[in-house]
A.B. asks: 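Following this message is one structure expressed as structure tokens.
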Amino acid sequence: MKFVLSAEQRMFGETLRRLLAGAETAKAVRAWAAGDAAPGRALWSQAAEAGVFALAVPEEHGGAGLLPVELAVAMEELGRAAAPGPYVETLAAAELLDDGDLLGRIAEGEALVSVAVPHALDADVADLVVAADGTAVRAGERVASIDPARRLFRVDGAPSGLTGLGVLLCAAQQVGLGRALLDVSVEYAKTRQQFGHPIGEYQAVKHHLATAMVELEFARPLVYGAALSYGTGDFARDASAAKVAASDASYLAAKTALQVHAAIGYTDEYDPSLWIRKARALRSAWGTPAEHRARVITAL
């Protein structure tokens with residue numbers, strides 16, 4: 001079977017990519033990490049105007065119906081831009097909620113929702129925090145995060161669990177993030193000189209970049225294959241398989257970016273460091289690779 005996005009789906013992704021490319025997301029990420037949500041909320045509103053949140057909301061509540069493939073397209077582009085905020089969580093929560101007014105606000109980009117899996121992302125700016133079963137819960141103290149722009153809060157007493165849609169959308173986000181890291185690494189390898197030559201001319205660097213590209217190209221069809229299986233008995237397994245592949249691929253892209261950029265890749269002032277930290281944080285978000293491998297094996 002050949003998986004190919006339709007012309008409309010590709011156009012949606014390209015439109016969203018252009019919108020995000022002109023939105024100075026790196027500034028929004030830094031502001032979000034510092035506790036200033038205004039630039040991130042402005043970006044959130046732009047995503048809403050592009051129809052992102054409507055893709056997770058039923059038509060009777062002002063949405064376009066739950067469209068998993070289009071949602072994966074959107075999250076791949078939002079991941080590519082490292083957009084801050086609980087995008088995955090709000091989209092996944094729309095599947096769990098039955099409050100028509102709240103769903104309408106989500107579709108319009110007026111409501112942010114966090115999901116405790118187990119920590120609640122950005123609970124300080126969310127209008128609602130829910131557990132994986134859709135029940136409202138209360139967030140507690142903030143806990144440490146590898147990525148300062150992923151503000152995590154403890155939730156005590158919330159029932160554990162994951163939603164397949166959240167797992168899928170996190171995987172799509174990771175694919176976009178990894179691709180952005182690969183692209184910036186390739187460009188840097190063309191300009192950084194060592195011994196009088198661009199480092200991209202050296203075979204070892206080419207191998208690292210090529211390996212990262214292969215891993216990402218392998219993960220991407222798993223993400224979209226899982227999106228197509230939404231609503232079937234195979235969806236949970238397929239989403240977990242996609243999450244494993246996307247986690248490994250984006251993490252490898254982050255490690256490769258550090259190798260290519262060397263010490264500058266660690267500096268806060270250098271934008272790729274924001275993507276690198278997010279790749280490390282998302283590796284364990286919505287379940288670790290070990291947890292999802294176990295879910296796949298159990299489903300076999």
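Heavy-atom basis, side chains included; hydrogens, waters and symmetry copies ignored.
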A.B. asks: Could you pull out the closest heavy-atom pair between V73 and Q9, with the gap in Å?
C.D. replies: CG1-O, 3.8 Å

A.B. asks: Does a side-chain N-to-carboxylate-O contact under 4.0 Å join E77 and R80?
C.D. replies: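 The answer is yes: the pair qualifies as a salt bridge.
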
A.B. asks: I'd like to know if L258 and L252 are part of one continuous hydrophobic network [Ile/Leu/Val/Met/Phe/Trp/Tyr, side-chain heavy atoms within less than 4.5 Å].
C.D. replies: no

A.B. asks: Give me the atom names and distance for the closest heavy-atom approach of W32 to R41.
C.D. replies: CZ3-N, 4.1 Å

A.B. asks: Give a yes or no on whether a salt bridge exists between D124 and R151, defined as a side-chain N under 4.0 angstrom from a carboxylate O.
C.D. replies: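 Between R151 and D124 there is a salt bridge, with a charged N closer than 4.0 Å to a carboxylate O.
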
A.B. asks: Hey, any chance L162 and V155 share a hydrophobic cluster, counting ILVMFWY side chains that come within less than 4.5 Å of each other, even indirectly?
C.D. replies: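 They do not share one cluster, since no chain of ILVMFWY contacts under 4.5 Å joins L162 to V155.
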
A.B. asks: Examine distances only and state if a side-chain atom of S185 and a backbone atom of L181 form a donor-acceptor pair shorter than 3.5 Å.
C.D. replies: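 Between the backbone of L181 and the side chain of S185 there is a qualifying donor-acceptor contact (under 3.5 Å).
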
A.B. asks: If only atom types and distance count, is the side chain of T163 paired as donor or acceptor with the main-chain N or O of G166 below 3.5 Å?
C.D. replies: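 At least one qualifying donor-acceptor pair exists.
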
A.B. asks: Would you find a donor on one side and an acceptor on the other, under 3.5 Å apart, between the side chain of T90 and the backbone of V113?
C.D. replies: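 Indeed, once roles are kept as given, a pair shorter than 3.5 Å links the two residues.
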
A.B. asks: Output the distance between atom OG1 (T232) and atom CG (D238), rounded to the nearest 0.5 Å.
C.D. replies: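 Reported to 0.5 Å precision, the distance equals 6.5 Å.
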
A.B. asks: Which atoms form the tightest heavy-atom contact between A281 and R150, and what is the distance?
C.D. replies: CB-CD, 3.7 Å

A.B. asks: Tell me, with the steps shown, if W44 and E110 meet side-chain hydrogen bond (donor to acceptor under 3.5 Å, both in side chains).
C.D. replies: CA-CA 9 Å; W44 187 279; E110 297 173 357; over 6 Å; no

A.B. asks: Tell me which pairs pass side chain to side chain donor-acceptor pair (under 3.5 Å) where either residue lies in residues 248-261, with sequence neighbours left out.
C.D. replies: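 As it turns out, the side chain to side chain donor-acceptor pair (under 3.5 Å) pairs with a partner in residues 248-261, which skip direct neighbours, are D248-R283, D248-R293, H261-Y270.
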
A.B. asks: Okay, side chain of D122, backbone of V125: is any donor-acceptor separation there less than 3.5 Å?
C.D. replies: no

A.B. asks: Within the side chain of E76, is there an N or O that forms a donor-acceptor pair under 3.5 Å with the backbone of V175?
C.D. replies: no

A.B. asks: Do E108 side-chain atoms and R105 backbone N/O form a donor-acceptor pair below 3.5 Å?
C.D. replies: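 Checked: no pair found.
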
A.B. asks: Which atom pair, heavy atoms only, marks the closest approach of P289 to S247?
C.D. replies: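 What the structure gives for the nearest pair is CG-CB, 3.9 Å.
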
A.B. asks: At their closest point, which heavy atom of W275 faces which heavy atom of A82, and how far apart are they?
C.D. replies: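 Closest approach of W275 to A82, heavy atoms only: CE2-CB, 3.5 Å.
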
A.B. asks: Give, for atom CG of L165 and atom CG of L96, the distance between the pair rounded to the nearest 0.5 Å.
C.D. replies: 8.5 Å

A.B. asks: I'd like to know if the side chain of H292 reaches the main chain of A245, judged simply by a donor and an acceptor atom lying under 3.5 Å from each other, with no hydrogens or angles considered.
C.D. replies: no

A.B. asks: I'd like to know if K243 pairs up with E291 as an ion pair, taking the criterion as any Lys NZ or Arg NE/NH1/NH2 lying under 4.0 Å from an Asp or Glu carboxylate oxygen.
C.D. replies: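 A salt bridge is absent here (no side-chain N lies under 4.0 Å from a carboxylate O).
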
A.B. asks: Any sub-3.5 Å donor-acceptor pair from T25's side-chain atoms to A81's backbone N or O?
C.D. replies: yes

A.B. asks: Can you tell me how far the CG atom of L169 sits from the CD atom of E95, to the nearest 0.5 Å?
C.D. replies: 9.0 Å

A.B. asks: Would you say R10's side chain and L5's backbone share a donor-acceptor pair under 3.5 angstrom?
C.D. replies: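 Indeed, once roles are kept as given, a pair shorter than 3.5 Å links the two residues.
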
A.B. asks: Any idea which heavy atoms bring A50 and L16 closest together, and the distance?
C.D. replies: CB-CD1, 4.1 Å

A.B. asks: Check this for me: does any side-chain nitrogen of one of R179 and E217 sit under 4.0 Å from a carboxylate oxygen of the other?
C.D. replies: yes

A.B. asks: Answer yes when D36 and K27 have at least one side-chain N-carboxylate O distance shorter than 4.0 Å, and no when they do not.
C.D. replies: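 Here D36 does not pair with K27 in a salt bridge, since their nearest N and O are not under 4.0 Å apart.
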
